[in-house]
Structure formats: structure tokens, C-alpha cells
Amino acid sequence: MYTTDEERVTLIQGEALTVLRTLPTGAVDTVLTDPPYSSGGITMAARQVDPAQKYQQSNTKRTYPAMLGDNRDQRSFTLWATLWLSECWRVAKDGARIMVFTDWRQLPAMTDALQAAGWMWRGVVTWHKPSARPSLGDFKRDAEYVITGSKGKPTMHTRTCPPGVYRHSVNAARKTHLTEKPVALLEDLLAVTAPGPDALVLDPFAGSGSTGVACLNTGRRFVGIELSAEYHARASNRLAEVAQNMAQN
Ligand SMILES: C[S@@+](CC[C@H](N)C(=O)[O-])C[C@H]1O[C@@H](n2cnc3c(N)ncnc32)[C@H](O)[C@@H]1O
């Protein structure tokens, strides 16, 4: 487990569902997460290909640690997502917001699972990725989606009217995770969530810790879970570096 001073950021290495079951009820203000999609192909065989092949362009040279848990079939993916989303619902406060990344293939499964777990489905935010690979003779699949919901009636935290579409590029040269999300996008998403130094954000699939960095940058507390020891180490180093830079400035 990695923890910053005053425990503003905590990153636990472990299996999401197992760890979630140990967290207290009604403790977190926001769930913002990017689970394995178990996607990337039309057929079952295609989905079970190594994520590094599924989610990277063929001309990409970089290699990353293995991304775990990305090979469930459709029925088991929905069932599994319902299990961890139910635990997220339990550990969330009444009125908490949830935001879950998905792609076009898993959008229906994920909205089913979110609602089956007890969350009120509120909409879908679009992340436009201009750098996505083109499809010969077909529409470019240059968007991923963020399913939004709340635990009962949502608590309102802003008097602005945020957009439903965000455009952010992935910095392929700097990213340390195969499917890393831009920190600026995560900060945009946090705009509708509980603000301030007591607001606690949960990400049970923390990867390289991007949600944690967004929380540090926006002055929120963060608790993350990551199964892979390599990604847990990368995320811990990244969060420590950001926390140290902030302390020095
Ligand atoms: C899509 S990635 C998250 C990437 C992250 N948003 C970032 O920007 O780096 C999903 C992560 O969940 C982790 N994972 C897969 N199954 C898990 C499980 N059962 N419990 C916890 N983490 C898991 C994978 O190792 C992977 O790092």
C-alpha cells in the first residue's frame, strides 16, 4: 500500500472486489474509474487477444506491463461489473456521483450493470480522442464514453453547465499505461463532484494513477486499488512525484 503524508492519497495493491468489501459503508463522495473493458473485438477469440495488441496501433513500438482482467466474455463481464459496482454503491455516500469509462461495444453492458448495482443512470459523457486510428471505409471510432450516475438524488456541487463532450489527446510519448486516460479529462469530469480537501474519490482500477493525479491537482482526497504489482509501483511513484512537486511549490 502507498500513502502520502496525511493520507490524502492511498493506493492499495489488490483485487478490486476483495478490497472494496473491506472499505467502510457510506465513505466516498465520488467514484471515478476506468475498468478493463474486455472489449477490442467482435468475436470472443478477438477479445481474448493480449490487450497490448487489441488496444495499440500496429505501428506503436512501446511495450507496457500486462493489463489484467481484460478477457471476460459478455455475460461474465456484465455479472462481474454488477458485483464491483454494487460494492462501490455501498461504500458511496447518499447523493454521490459515479463515472465509469467504457467503449462503444461495452456501453450497453455497462449501463445495465450500473443500474443493476443500484445506481441511478444519469447520462453518457463523450470523450473525443482525435488521435484514434482511422477505419477504412467506415466511421472513425474516435470516442470513448463515460457513464454517469448517482446514488439516489445527486448532490449538486456546481452552478455551471458543463459540456457533454470533451476533446483531449493521449500523450503517447509520455504515458506509462497501455490505456492511460488524460489527467486533464479526469479533472474536467471531477468538476461536477464534491470539491474541497475532505472530498474522497475512489478508483478501484487505478492503473497508472491518473485519477489520483487529478485528485491531487484539484485538492481532493483519493483512494485507489490496482491489481498489478507493476502498475501499482508505477502509480505510487507517479503520485509521490506529483505530491512532492506540489509540496515544493
Ligand atoms: C483501463 S486500466 C486503468 C488505466 C488508468 N485509468 C490510467 O489512466 O492509468 C484498468 C486497470 O485495472 C487493473 N485491474 C484489472 N483487473 C483488476 C481487478 N480485478 N482489481 C483491481 N485492478 C484490476 C488493470 O491492471 C489495469 O491497470
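Remember, it's 1-based here, ligands and their atoms both numbered in the order they're listed. Computed from heavy atoms alone, side chains included, the values below leave out hydrogens, waters and symmetry copies.
For the side chain to side chain contact (heavy atoms under 4.5 Å, CB included) test with L202, the passing option among T211, T30, L20 is L20; the others fail. For the side chain to side chain contact (heavy atoms under 4.5 Å, CB included) with V201, the lone residue among M99, R221, R220 that qualifies is R220.
More than 12 heavy atoms of other residues, nucleotides or ligands sit less than 6.0 Å from atom CE of M246. More than 12 non-hydrogen atoms from other residues, nucleotides or ligands lie less than 6.0 angstrom from CH2 of W80. Heavy-atom neighbours of W89 CH2 from other residues, nucleotides or ligands within 6.0 Å: at or below the threshold of 12.
In terms of polar-atom proximity, T179 is not counted as a contact of ligand 1, lacking any N or O under 3.5 Å from an N or O of the ligand.
Scanning the protein for heavy atoms near atom 15 (C) of ligand 1, the closest one is L68 O, 3.0 Å. Nearest protein heavy-atom contact of atom 19 (N) of ligand 1 is E15 OE2, 2.8 Å. Ranking protein heavy atoms by distance to atom 20 (N) of ligand 1, first place goes to A16 N, 2.8 Å. Given atom 22 (N) of ligand 1, the protein heavy atom at minimum distance is L227 N, 3.2 Å. Nearest protein heavy-atom neighbour of atom 10 (C) of ligand 1: D34 O, 3.4 Å. Among protein heavy atoms, the minimum distance from atom 24 (C) of ligand 1 is reached at E226 OE2, 3.5 Å. For atom 8 (O) of ligand 1, the nearest protein heavy atom (residue, atom name, distance) is S210 OG, 2.6 Å. Nearest to atom 14 (N) of ligand 1 among the protein's heavy atoms is F205 CD2, 3.8 Å.
Between H168 and D188, the side chains place a donor N or O and an acceptor N or O closer than 3.5 Å (distance only, hydrogens not considered). Using modelled atom types, one finds no donor on one side chain facing an acceptor on the other under 3.5 Å when comparing S39 with Q106. Between the side chains of R238 and S208, at least one donor N or O lies within less than 3.5 Å of an accepting N or O. Side chains of R97 and T193: no donor on one and acceptor on the other come within 3.5 Å.
Distances from ligand 1 to the non-hydrogen atoms of A235 include no value under 4.0 Å.
In summary, the atoms of ligand 1 found under 4.0 Å from a heavy atom of G14, numbered by their order in the structure, are 20 (N), 21 (C). The ligand atoms of ligand 1 that sit less than 4.0 angstrom from a heavy atom of S208 are 7 (C), 8 (O), 9 (O). Annotation for ligand 1: atoms under 4.0 Å from non-hydrogen atoms of P204 are 21 (C), 22 (N). Near Y231, with a cut-off below 4.0 Å to any heavy atom, the atoms of ligand 1 are 27 (O).
The part of H177 lying near ligand 1 is the side chain, judged by heavy-atom distances below 4.0 Å.
Residues W84 and F77 place their aromatic rings such that the two centres sit no closer than 6.0 Å.
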